[in-house]
Amino acid sequence: MTVDIPLLRKGLEWAEAEAAKPIEDCEWHQGRWKADPKDLTHLIRIDPETSAMVITDIQKSASCGTCFCLAGYLMNEAGIEFNNIDGSENEDKASELLGITPTQGRRLFAGGNSIKDLRTIAETIAGERL
């Protein structure tokens with residue numbers, strides 16, 4: 001299997017750019033395949049500096065009206081339909097897009113991954129710095 005490194009890099013760069021935005025404007029949410037931010041009343045995340053849990057109330061929706069995890073973003077960009085019931089099917093589809101194994105996909109697309117985790121895992125999968 002050959003990893004699509006340009007696509008992996010594109011997805012990672014998107015997630016990092018979104019994570020750098022104020023939380024109310026961020027379109028990356030690793031815990032959701034695809035979600036309307038209006039459905040989210042708050043986000044729970046770990047502060048990378050203190051490792052403390054931070055609960056942030058959502059005051060307005062993201063500019064595009066949707067939030068995605070990394071797999072969701074890749075699938076949306078490719079025009080692939082989401083299965084809202086079976087997350088493993090979504091992981092398999094996104095893994096196939098990237099040319100990675102299902103095991104690598106489960107690790108990369110885990111809902112609890114921080115943005116730092118995504119970079120580390122993506123670079124391990126790619127075998128190079130992205």
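Contact record, M75 with K93: CE-CD, 4.0 Å, taken as the closest heavy-atom pair. When all heavy atoms of S95 and F109 are compared, the closest pair comes out as OG-CE1, 3.7 Å.
In this view, R9 and E128 satisfy the salt bridge (charged side-chain N to carboxylate O under 4.0 Å, His left out) rule, not counting sequence neighbours. Residues satisfying the salt bridge (charged side-chain N to carboxylate O under 4.0 Å, His left out) test with K10, not counting sequence neighbours, are E77. Qualifying side-chain hydrogen bond (donor to acceptor under 3.5 Å, both in side chains) partners for T103, counting only residues two or more places apart in sequence or in other chains: R106. Taking the side-chain contact (heavy atoms from CB on, under 4.5 Å) definition, one finds that A78 meets it with I80, L97, sequence neighbours left out. Partners of A15 under the side-chain contact (heavy atoms from CB on, under 4.5 Å) rule, at least two apart in sequence or in another chain, are W28, I115, L118. Scored by the side-chain hydrogen bond (donor to acceptor under 3.5 Å, both in side chains) test, E123 finds R119 as partners (sequence neighbours excluded).
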* Determine, step by step, whether L70 and N113 satisfy the side-chain contact (heavy atoms from CB on, under 4.5 Å) criterion, reporting the C-alpha distance in whole Å, the side-chain angles of both residues, the deciding distance to 0.1 Å, and the verdict. => CA-CA 10 Å; L70 177 59; N113 283 343; over 6 Å; no

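I100 has its side chain out of reach of L8: every pair of non-hydrogen atoms, C-beta onward, lies at least 4.5 Å apart. Side-chain contact between E16 and L12 is present, with at least one heavy-atom pair separated by less than 4.5 Å. Residues Q104 and R107 form no side-chain contact, since every pair of their non-hydrogen atoms from C-beta on lies 4.5 Å or further apart.
Within the 3.5 Å criterion, the main-chain N or O of P102 finds no donor-acceptor partner in the side chain of D92. Panel note: side chain N76, backbone Y73; no donor-acceptor pair is recorded below 3.5 Å.
The OG atom of S114 lies 8.0 Å from the CD1 atom of I121; values are rounded to the nearest 0.5 Å.
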